[in-house]
Amino acid sequence: TNGCEIVLTARQFEWEAAYPGADGQLRTADDFTLLNRLNIPVNRPVVLHLESEDVLHSFFVYPFRIKQDAIPGRTIPIWFEVTATGEYSLGCAELCGFGHYTMDGTVIVQTQAEFEAWEAEQIATRADPGAQNLAAAAGNGGAASQSGGCGFCVGAGSTTMSLKRQ
């Protein structure tokens with residue numbers, strides 16, 4: 001495929017995005033992961049292989065008009081192409097447990113050149129045994145509640161059909 005393929009795994013209460021490493025293949029030892037962050041290129045097809053580790057979740061990015069349930073035991077492909085760079089809110093639209101309000105993240109849409117540079121940096125960092133995942137080192141993973149929590153869809157001035165754009 002000419003698209004950008006990513007495995008996106010939902011679990012209470014986070015999103016884990018797995019990208020192919022240096023071998024260009026998903027689900028191999030050199031894959032790298034991000035928590036609560038999804039980097040994708042603009043104007044290029046994206047294929048998310050959506051999975052759930054525990055309960056029913058629902059991948060939801062309102063500006064992209066995408067909402068898809070993640071069902072334990074299934075891999076569900078989602079195909080889309082984003083036409084504008086920027087940062088967008090990623091949420092779970094299914095009540096998935098007590099910490100549901102913390103299950104949000106960010107989708108970062110980059111130019112192709114920016115995406116390729118970011119991807120190369122991630123792969124190079126992964127190849128260095130002393131380095132950590134760049135997102136984790138930068139503090140972008142695991143702290144979903146800092147990016148808005150319930151404010152994701154019920155923030156000041158929002159309606160039930162509009163989301164805050166970060």
Side-chain angles (χ1 to χ4, degrees), residues 3-21 25-41 46-80 82 86-110 115 118-119 122-123 125-126 131-166:
C4 175
E5 290 195 63
I6 304 162
V7 175
L8 186 65
T9 304
R11 71 174 66 87
Q12 294 176 316
F13 297 98
E14 64 190 14
W15 300 99
E16 180 184 85
Y19 293 79
Q25 302 296 314
L26 279 171
R27 301 182 194 276
T28 60
D30 70 342
D31 290 358
F32 64 92
T33 61
L34 301 175
L35 286 179
N36 301 318
R37 182 172 144 187
L38 186 63
N39 286 55
I40 59 174
V46 174
V47 182
L48 291 183
H49 300 280
L50 186 61
E51 301 177 346
S52 173
E53 262 188 21
D54 43 32
V55 299
L56 187 66
H57 297 278
S58 190
F59 173 81
F60 184 46
V61 183
Y62 181 75
F64 303 169
R65 306 304 191 258
I66 297 173
K67 182 177 179 288
Q68 175 62 56
D69 287 348
I71 302 167
R74 292 192 178 173
T75 299
I76 301 169
I78 306 171
W79 291 72
F80 61 95
V82 182
E87 292 188 18
Y88 303 89
S89 294
L90 162 62
C92 179
E94 186 71 38
L95 182 58
C96 58
F98 182 72
H100 166 72
Y101 68 95
T102 67
M103 191 166 174
D104 61 355
T106 303
V107 179
I108 300 170
V109 183
Q110 303 167 293
F115 179 78
W118 169 82
E119 186 176 43
Q122 288 285 323
I123 290 170
T125 300
R126 175 77 161 96
Q132 293 182 351
N133 179 294
L134 290 178
N140 291 333
S145 62
Q146 292 179 356
S147 61
C150 282
F152 176 73
C153 30
V154 293
S158 70
T159 68
T160 57
M161 291 304 292
S162 68
L163 300 178
K164 293 190 306 184
R165 183 172 173 187
Q166 294 181 339

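Heads up: numbering here begins at 1 and tracks the sequence.
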Q: Take Ile6 and Leu38, measure what side chain to side chain contact (heavy atoms under 4.5 Å, CB included) needs, and give me the verdict at the end.
A: CA-CA 9 Å; Ile6 304 162; Leu38 186 63; 3.9 Å; yes
Q: Report the C-alpha distance between Thr75 and Leu50 in whole Å, list the side-chain angles of each, state the deciding distance to 0.1 Å, and finish with yes or no for side chain to side chain contact (heavy atoms under 4.5 Å, CB included).
A: CA-CA 5 Å; Thr75 299; Leu50 186 61; over 6 Å; no
Is [X] reaching over with its side chain to a backbone N or O of [Y], donor-acceptor style, under 3.5 angstrom?
| X | Y | result |
| --- | --- | --- |
| Asp69 | Ser58 | no |
| Arg126 | Asp31 | yes |
| Asn36 | Glu14 | no |

Q: Check the pair Leu35, Trp15 against side chain to side chain contact (heavy atoms under 4.5 Å, CB included), reporting the backbone distance first and the verdict last.
A: CA-CA 6 Å; Leu35 286 179; Trp15 300 99; over 6 Å; no
Could you tell me if the side chain of [Y] sits less than 4.5 Å from the side chain of [X], heavy atoms only?
| X | Y | answer |
| --- | --- | --- |
| Ile40 | Gln110 | no |
| Trp79 | Val46 | no |
| Ser52 | His57 | yes |
| Thr106 | Ile108 | yes |
| Val107 | Glu87 | no |
| Leu90 | Tyr88 | no |
| Val7 | Arg27 | yes |
| Leu34 | Glu16 | no |

Q: Could you tell me the separation between the CD1 atom of Ile76 and the NE2 atom of His49, rounded to the nearest 0.5 Å?
A: 12.5 Å
(Q) Go through it in stages, so that I can follow the logic: the residues are Arg74 and Glu51, the test is salt bridge (charged side-chain N to carboxylate O under 4.0 Å, His left out), and I'd like the CA-CA distance, side-chain angles, deciding distance and then a yes or no. (A) CA-CA 6 Å; Arg74 292 192 178 173; Glu51 301 177 346; over 6 Å; no
Q. Between Phe32 and Tyr19, what is the ring plane arrangement, given parallel below 30°, perpendicular above 60°, and tilted in between?
A.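 Parallel, since the angle between the ring planes stays under 30°.
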Q: Kindly assign one of parallel, tilted or perpendicular to the pair Phe60 and Tyr62, based on the angle between their ring planes and the thresholds 30° and 60°.
A: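 Rings of Phe60 and Tyr62: perpendicular, over 60°.
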Q: Determine the minimum heavy-atom distance between Phe115 and Asn39, stating which atoms define it.
A: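 Of all heavy-atom pairs spanning Phe115 and Asn39, the closest is CE1-O, 3.4 Å.
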**Q.** Any side-chain donor near an acceptor of the partner, Thr9 and Glu53, under 3.5 Å
**A.** no
**Q.** side chain to side chain contact (heavy atoms under 4.5 Å, CB included) assessment of Leu48 paired with Phe80
**A.** CA-CA 9 Å; Leu48 291 183; Phe80 61 95; 3.8 Å; yes
